Amino acid sequence: MISARGLTKTFNKTIHAVKNVDLEVDAGEVVVIVGPSGSGKSTVLRCLNLLEIPTEGEVVVDGFDLTDPSTDIDSVRAEVGMVFQQFNLFPHLTVLENITLALKKVRGKNKKEASEIAMQQLTRVGIPEKVDSFPRQLSGGQQQRVAIARSLAMEPKIMLFDEPTSALDPEMVKEVLDVMLKLAADGMTMVVVTHEMGFAKAAADRLVFIDEGEIVEVGLPEEIFNNPTHQRTKDFFNKILY
Amino acid sequence: MADNKAPKKRRVRDSRPWWDTFPWWGVIVLVLIGWMAWQISFNSNYELAWDRIWPGLRVTIRATFQSFGIALVLGLLVGMGQLSKNVFFRNIARTYVEIIRGIPILPLIFVVALILIPLLELDKFLNFEMRATVTLSVIYGAYMAEIFRGGIQSVPPGQSEAGRSLGLSRRQTMNSVVLPQAMRAIIPPLGNDFIAILKDTSLLSVLGVLEITQRARQFSASTFKFREGYFVVAFIYLLLTLSLSVLLSVLERRMTRDRKGER
C-alpha cells in the first residue's frame with residue numbers, strides 16, 4: 001500500500017532530518033513509528049502524503065509515485081487521511097461543516113449526502129451530539145475525534161496519525177486511542193507516530209524505531225520492547241518505560 | 001490556536017470620579033459640529049461656502065468608492081502574488097509594493113496622472129478625475145496588498161495542511177479555509193484604509209478635479225472668505241470620517257461576537 005525507498009529529507013541543505021529510510025506498509029497493516037523527539041519520525045510521515053517533499057528517494061502510495069511531478073497529488077491525498085497533533089480543525093466552521101467541506105468539494109456530494117456521512121462518522125467516534133458546535137467549544141479529545149471523523153468521512157485507504165495524543169490532557173488520551181484501536185480492528189491501514197507505547201503494544205503489527213533520521217530497528221512491538229538489539233533502542237526504552 | 005481567547009471585558013469598579021471617565025472628547029466634538037451646523041444654517045457667509053462646496057461631495061464619494069473597489073481587487077491579487085510559488089509573480093508583486101510604498105502620494109499622483117497615463121496613450125480615454133482615481137487605486141492597492149499578505153500569513157500553516165490533506169486543491173484551500181480566517185485580520189485595517197482614501201481624495205484637487213477641497217479652494221480664492229471655505233470643507237470631512245469610524249467599530253464588534261462561536 002505504501003512503499004518508501006531511500007527516502008531522504010534535508011532542510012536548508014544542512015539539516016538531515018531523514019536519511020535513506022525504507023518503509024513498506026501492506027494493506028490492513030498498522031505500523032507504529034517511535035523515536036526520540038527530533039528524530040525525524042514526523043517528517044517521514046509527512047513525506048507519505050507530500051506535506052514534505054522528499055529531497056531524494058521514492059514514495060509510492062496506492063500505486064501512485066508521489067515524487068513524479070505528473071502525479072495528481074490532490075487525488076492521492078483524498079485517499080490518505082491525516083490526523084495532526086494540533087487537530088487543525090477549521091475554527092470558522094461548525095463540526096458538520098468541517099466534515100462536509102471536502103466531501104462536497106472533492107467528492108462532489110450534495111449537502112444531504114455529505115451530512116449523512118458526517119453523522120455516521122461522528123457516531124463512529126462517539127460524539128454525534130456535537131454536530132453543530134464550533135471547534136473551540138469542544139475539549140481537546142473531542143476536537144481530535146472530530147478531526148479523525150473528518151478524515152474518515154473521505155473513506156481513505158490509509159490513515160496517517162502524527163502524534164495524535166501529544167497535545168491532549170492526560171484524561172483525554174484514552175478516548176482518542178479507543179477510536180484508533182477500533183479503527184485498527186476494522187482493518188484500516190495505519191501509520192502512527194506516537195509516544196503511546198500502550199497503543200503500540202495493543203495495535204501495532206510492526207514497530208519502527210527511528211533515531212537521528214534513520215531506521216534503527218523494525219519488528220514486533222513485544223520483541224522490541226523486551227529484547228531491543230541496538231544500544232540506541234535500549235537507551236530510548238530505558239528512558240521512557242518504567 | 002491563539003484566536004480562541006476572546007478578550008474578556010473586565011468591569012472593575014474603580015474609585016475614579018465620574019468626571020475622570022466621562023468621554024469629554026465626544027462633547028467637544030459634538031459642540032464643534034453643532035457650532036458649524038449653526039453657522040452654516042444662519043450665517044450667510046458660511047451658507048454661501050456650504051452651497052458652493054457641498055456639490056463636490058458627489059465627486060469625493062465617487063472617487064472614494066471607485067478607488068477603494070479597484071484597490072481591493074488589486075490588493076488581493078498582488079497580496080496573493082507575493083505569496084505565490086511562481087518566482088516571476090512573486091517578484092513583480094514585491095517590486096510594485098516596494099516602489100509604491102516608497103513614494104509619497106502627491107508626487108505619485110503627478111507622475112501617474114500627468115506622465116505615465118499620457119505615455120501609455122490612455123489620456124484620450126481618461127479624464128482627470130478618472131486618472132486621479134486610478135492613481136489612488138494603484139497606491140492603495142499596494143498598501144492593501146500588504147494587509148492581505150499579512151492576513152493570509154496570520155492563518156497557521158496547519159490549516160492549509162489540513163485542507164490539502166483532505167484532497168482540496170490549492171485554490172479550494174485558499175478560498176474555503178485560509179481566506180475566511182484571514183478576513184478577521186484583514187477587515188479592520190481595510191476599514192482604516194477606506195477612511196484614509198476618503199481623506200486622500202482631497203489630493204485630487206491638485207489635478208483640478210472639482211471635489212470638495214478644490215471647491216473650497218476656488219470659493220476661498222474668489223471671495224477671500226478663507227475661514228468660511230476651509231472650515232466648511234474640514235467640517236464635511238470630519239462628519240464623513242467620524243460616521244465611518246462608528247460604522248467600523250460596529251462591524252468589528254460583530255466580528256468579535258462571531259469569534260466566540262455565537263450565531
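Here the structure is a predicted model, which means the values were calculated and not measured. Here is how names work: the chains are called A, B, and so on, in the same order as the sequence lines, proteins then strands, and each is numbered from 1.
- B:Ala162 and A:Phe90 get closest at one heavy-atom pair: CB-CE2, 3.9 Å.
- In this structure, the portion of A:Arg46 lying under 4.5 Å from any heavy atom of chain B is its side chain and not its backbone.
- Distance alone, capped at 3.5 Å, places no donor-acceptor pair between the A:His92 side chain and the B:Val178 backbone.
- Only the side chain of B:Gln172 comes within less than 4.5 Å of a heavy atom of chain A; its backbone N, CA, C and O stay farther away.
- Within a 6.0 Å sphere centred on CD of A:Glu24, heavy atoms belonging to other residues, nucleotides or ligands number more than 12.
- Taking every heavy atom of both residues into account, B:Leu166 and A:Val106 meet most closely at O-CG2, 4.0 Å.
- Counting heavy-atom neighbours within 6.0 Å of A:Lys174 NZ, excluding the residue itself, gives a total of 12 or less.
- Taking a 6.0 Å sphere around CZ of A:Phe11, one finds it holds more than 12 heavy atoms contributed by other residues, nucleotides or ligands.
- The 12-atom threshold is exceeded at CZ of B:Phe22, counting heavy atoms of other residues, nucleotides or ligands nearer than 6.0 Å.
- When atom types are taken as modelled, the side chain of A:Asn88 and the backbone of B:Gln159 share no donor-acceptor pair closer than 3.5 angstrom.
- Taking the side chain as every heavy atom from C-beta outward, A:Leu101 and B:Leu168 approach each other to under 4.5 Å.
- At most 12 non-hydrogen atoms from other residues, nucleotides or ligands lie less than 6.0 angstrom from NZ of A:Lys105.
- With respect to the salt-bridge test (charged N to carboxylate O, under 4.0 angstrom), the residues B:Arg164 and A:Asp74 qualify.
- Across all non-hydrogen atoms, the minimal contact from B:Ser165 to A:Asn49 is OG-ND2, 3.5 Å.
- A 6.0 Å sphere centred on CZ of B:Arg170 holds no more than 12 heavy atoms belonging to other residues, nucleotides or ligands.
- A:Phe84 touches chain B through its side chain: at least one heavy atom from C-beta onward sits under 4.5 Å away, while N, CA, C and O do not.
- The number of heavy atoms from other shown groups lying within 6.0 Å of CZ (A:Phe64) does not exceed 12.
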